[in-house]
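Starting from 1, each residue takes its place in the sequence as its number. Worth knowing before you read on, the calculation uses all heavy atoms, side chains too, and leaves out hydrogens, waters and symmetry mates.
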Amino acid sequence: QVQLVESGGGLVQAGGSLRLSCAASGRYAMGWFRQAPGKEREFVTAINRSGGITHYADSVKGRFTISRDNAKNTVYLQMNSLKPEDTAVYYCAASHGTASDMRRVSQIVSWGQGTQVTVSS
């Protein structure tokens with residue numbers, strides 16, 4: 001069973017930065033989704049096992065960066081230039097497939113516990 005443990009998140013003013021971390025029990029394609037109140041969970045970003053391929057939602061391109069440290073089986077999400085519309089619970093996710101596969105919720109085999117990110121205006 002894939003285990004994911006998230007850390008990071010919190011409250012930040014618009015324009016600020018936050019970093020999320022997600023430690024996994026093995027090496028998988030990994031990524032982040034988010035869910036705002038009253039909205040469906042949406043794809044944010046994903047990275048393949050080696051770290052050489054990444055995908056981003058259009059809404060975060062140029063502001064968010066996903067990276068990984070395979071020695072630690074940990075994935076990071078650096079979020080810069082945060083906007084109030086980025087406010088959501090952020091979930092780490094893992095897949096046995098590719099980074100591209102992670103755009104589909106059906107390809108996710110494990111979820112982190114979720115961490116709140118709140119961006120004030």
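For the atom pair Leu77 CG and Ser67 OG, the distance stands at 8.5 Å (nearest 0.5 Å). One distance of note links OH of Tyr56 with CZ of Arg103; it measures 11.0 Å at 0.5 Å rounding. Summarising the geometry, atom CZ belonging to Arg34 is positioned 14.0 Å from atom CD belonging to Glu40; distances are rounded to the nearest 0.5 Å. For the atom pair SG of Cys92 and CE of Met30, the computed distance is 3.5 Å after rounding to the nearest 0.5 Å. Separation of atoms CD1 (Ile108) and CG (Leu4) is listed at 9.5 Å; rounding is to 0.5 Å.
Judged purely by atom type and a 3.5 angstrom limit, Thr45 uses its side chain to pair as donor or acceptor with the backbone of His55. Put simply, the side chain of Arg68 gets close to the backbone of Asn48: a donor and an acceptor are under 3.5 Å apart. Judged purely by atom type and a 3.5 angstrom limit, Ser59 has no side-chain atom pairing as donor or acceptor with the backbone of Ala57.
Applying the ring-ring contact (aromatic ring centres under 6.0 Å, His included) criterion to Phe43, with sequence neighbours excluded, gives Phe33. Under the ring-ring contact (aromatic ring centres under 6.0 Å, His included) criterion, Tyr90 pairs with no residue at all, not counting sequence neighbours. Scored by the side chain to side chain contact (heavy atoms under 4.5 Å, CB included) test, Thr98 finds Ser100, Asp101 as partners (sequence neighbours excluded). For Lys61, the salt bridge (Lys or Arg N to Asp or Glu O under 4.0 Å) criterion is met by Asp58, not counting sequence neighbours.
Follow the hydrophobic side-chain contacts under 4.5 Å out from Ile66 and you never reach Trp111; the two are in separate clusters. Residues Tyr91 and Val105 fall within the same hydrophobic cluster, defined by Ile, Leu, Val, Met, Phe, Trp and Tyr side chains chained together at heavy-atom separations under 4.5 Å. When hydrophobic clusters are built by joining Ile, Leu, Val, Met, Phe, Trp and Tyr residues whose side-chain heavy atoms come closer than 4.5 Å, directly or via intermediates, Trp32 is not grouped with Met102.
The shortest side-chain heavy-atom distance between Ile47 and Ile53 does not fall under the 4.5 Å cut-off. Residues Arg41 and Val89 fail the side-chain proximity criterion, which asks for heavy atoms closer than 4.5 Å. You'll find the side chain of Phe64 reaches within 4.5 Å of the side chain of Leu82, heavy atoms only. In this structure the side chain of Gln107 never reaches within 4.5 angstrom of the side chain of His96, judged on heavy atoms.
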What side-chain donor-acceptor pairs closer than 3.5 Å can you find for residues 114-121, not counting sequence neighbours?
{"residue": "Thr115", "atom": "OG1", "partner": "Gly8", "partner atom": "O", "Å": "2.8"}
{"residue": "Gln116", "atom": "NE2", "partner": "Ala88", "partner atom": "O", "Å": "3.4"}
{"residue": "Gln116", "atom": "NE2", "partner": "Thr118", "partner atom": "OG1", "Å": "3.2"}

Side-chain donor/acceptor pairs under 3.5 Å, residues 9-29, sequence neighbours excluded:
{"residue": "Ser17", "atom": "OG", "partner": "Asn80", "partner atom": "OD1", "Å": "2.9"}
{"residue": "Ser25", "atom": "OG", "partner": "Gln3", "partner atom": "N", "Å": "3.0"}

